[in-house]
Amino acid sequence: MQEFTPIKEGKVREVYDNGDSLIIVATDRISAFDVILRNKITNKGAILTQMSKFWFDFTKDVVPNHMISVDVKDMPEFFQTEQFEGKSMMCQKLEMLPIECIVRGYITGSGWASYKEDGTVCGIKLPEGLQESEKLPEPIYTPSTKAELGLHDENISFERSIEVLEAQFPGKGREYAEKIKDATIALYKKCAAYALSKGIIIADTKFEFGLDKDGNVVLGDEMLTPDSSRFWPLEGYEAGKGQPSFDKQYVRDWLKVNPDNENLLPEDVVTRTVDKYKEAFALLTGKEFV
């Protein structure tokens, strides 16, 4: 049996080279504030992978994506074990674009902090008088650069995103920048409307895109998981305050209150985080995660 070792390890995911495809494995690791915590979140990797699969299927008519299969039987024998079951996705190889495509439909987090300061989010002027967690008149696109592991991503303007892409793809910068912006907004609008009908507000999210061998823009990475998005329950939503969420916010909040945490979460925080992920999965897909 051929052995595989990851060609790339991120904070949460491992990437394996499978010749003409990649196999991306979502581990049960969890990171917050750009630090990998010492706990494992049971089943988290499988929930994230299956949720991405759901969204990739749901949006393939909007933008093509990189998913080939999430069935380990379609993968080399090495991956056909319990360790990889459910949390592995075979994907086409892409040349990833160096931009994180962030879209915000509601004002919260760093966006709210920036708005309170000068009425803008990532340099975009917003209407006066918005409240925390309020829905924006239209979703806004706020790209960032992708930082190396351990460094923070940097928010940039749309014009700057053109320059970053132009530097890597001469003559194509504006075309790619506009394509990924339009795709980001279109994906968000379709998925946010669907999620709302299932009782979940998608406050913001990020997408990543790459180019296939023919130069087409293709959606890659993960999609609309609690790791890459801010999910709020519609029930009890009220602008003017912070919202409870289905994502890592619960973990972040605990870490903020307990600065001497040594990157270790108490067991009840782990359990409640898993339960939140499962609840979001069930609401969105209509299926219980088992």
Side-chain angles (χ1 to χ4, degrees), residues 1-31 36-98 100-101 146 148-150 183 187 205-229 248 274 277-278 280-282 284-285 287-290:
M1 181 176 73
Q2 186 187 353
E3 295 283 319
F4 285 80
T5 52
I7 54 166
K8 186 180 171 193
E9 284 196 67
K11 292 192 280 284
V12 172
R13 281 169 309 157
E14 295 167 349
V15 181
Y16 297 82
D17 190 340
N18 185 40
D20 57 358
S21 63
L22 294 176
I23 294 170
I24 299 175
V25 178
T27 69
D28 291 341
R29 296 193 293 265
I30 189 165
S31 74
I36 300 168
L37 303 180
R38 285 158 60 191
N39 305 78
K40 294 281 195 288
I41 307 289
T42 315
N43 286 327
K44 174 176 169 282
I47 295 169
L48 296 187
T49 299
Q50 301 307 318
M51 201 178 276
S52 282
K53 177 193 184 302
F54 170 79
W55 290 117
F56 283 143
D57 286 338
F58 184 69
T59 57
K60 59 179 187 272
D61 61 327
V62 180
V63 182
N65 62 67
H66 69 164
M67 179 176 70
I68 299 169
S69 176
V70 295
D71 187 343
V72 291
K73 293 189 192 69
D74 296 332
M75 302 175 202
E77 190 186 343
F78 177 81
F79 296 96
Q80 295 175 26
T81 66
E82 200 177 325
Q83 180 192 347
F84 295 105
E85 181 76 47
K87 57 179 71 166
S88 306
M89 182 179 288
M90 186 158 69
C91 305
Q92 67 182 108
K93 288 183 171 178
L94 302 175
E95 182 176 5
M96 297 306 289
L97 300 177
E100 298 225 319
C101 299
K146 283 199 266 193
E148 293 298 311
L149 195 58
L187 289 168
T205 192
K206 78 172 174 72
F207 301 119
E208 294 190 31
F209 296 90
L211 304 174
D212 67 12
K213 58 184 187 308
D214 299 319
N216 301 309
V217 170
V218 175
L219 179 61
D221 202 56
E222 63 182 327
M223 184 177 187
L224 285 164
T225 69
D227 271 19
S228 65
S229 322
K248 292 189 292 189
V274 173
Y277 277 57
K278 285 182 176 173
F281 180 86
L284 289 168
T285 66
K287 294 191 285 234
E288 293 297 318
F289 181 84
V290 288

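Just so we're clear, the structure is a prediction, and the values are computed from it rather than from any experiment. Quick note: numbers below take in every heavy atom, side chains included, and nothing from hydrogens, waters or symmetry partners.
When all heavy atoms are compared, the tightest approach of Thr49 to Lys87 is OG1-O, 3.1 Å. When all heavy atoms are compared, the tightest approach of Met51 to Leu224 is SD-O, 3.5 Å. In this structure, Met96 and Phe209 approach most closely via the heavy-atom pair CE-O, 3.6 Å. Nearest approach of Phe54 to Leu284, heavy atoms of both residues: CZ-O, 3.5 Å.
Proximity of a side-chain donor or acceptor of Asp214 to a complementary backbone N or O of Asn216 within less than 3.5 Å is not detected. Distance alone, capped at 3.5 Å, is enough to place a donor-acceptor pair between the Asp28 side chain and the Gly45 backbone. Side chain of Thr27 to main chain of Arg13: no donor-acceptor pair is present (N/O by atom type, distance under 3.5 Å, no hydrogens or angles). Under a 3.5 Å cut-off, the side chain of Ser228 and the backbone N or O of Thr225 do form a donor-acceptor pair. Side-chain N or O atoms of Asn18 include none that pairs as donor or acceptor with a backbone N or O of Leu22 at under 3.5 Å. Formation of a donor-acceptor pair under 3.5 Å by the Lys278 side chain with backbone atoms of Asn43 is not found in this model. The main-chain N or O of Leu219 is never found under 3.5 Å from a side-chain atom of Asn65 such that the two would form a donor-acceptor pair. Checked by atom type and distance alone, the side chain of Gln50 pairs as donor or acceptor with a backbone atom of Gly86 at under 3.5 Å. Judged purely by atom type and a 3.5 angstrom limit, Arg29 uses its side chain to pair as donor or acceptor with the backbone of Gly10.
Phe289 and Tyr277 have their aromatic ring centers separated by at least 6.0 angstrom.
With contacts defined as side-chain heavy-atom distances shorter than 4.5 Å, the pair Leu211/Val217 qualifies.
Ring-plane geometry between Phe4 and Phe79 is classed as tilted, the angle between the planes lying from 30 to 60 degrees on a 0 to 90 degree scale. Taking the six-membered ring where tryptophan is involved, the planes of Phe84 and Tyr16 are perpendicular, since the angle between them exceeds 60° and thus also 30°.
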* **Criterion side-chain contact (heavy atoms from CB on, under 4.5 Å) on Met89 and Val25, from CA distance to verdict** => CA-CA 6 Å; Met89 182 179 288; Val25 178; over 6 Å; no
* Would you please test Lys44 and Val12 for side-chain contact (heavy atoms from CB on, under 4.5 Å) and show each step? => CA-CA 10 Å; Lys44 174 176 169 282; Val12 172; 3.5 Å; yes
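Put simply, OG on Ser69 and CE on Met90 are 5.5 Å apart, with the number rounded to the nearest 0.5 Å.
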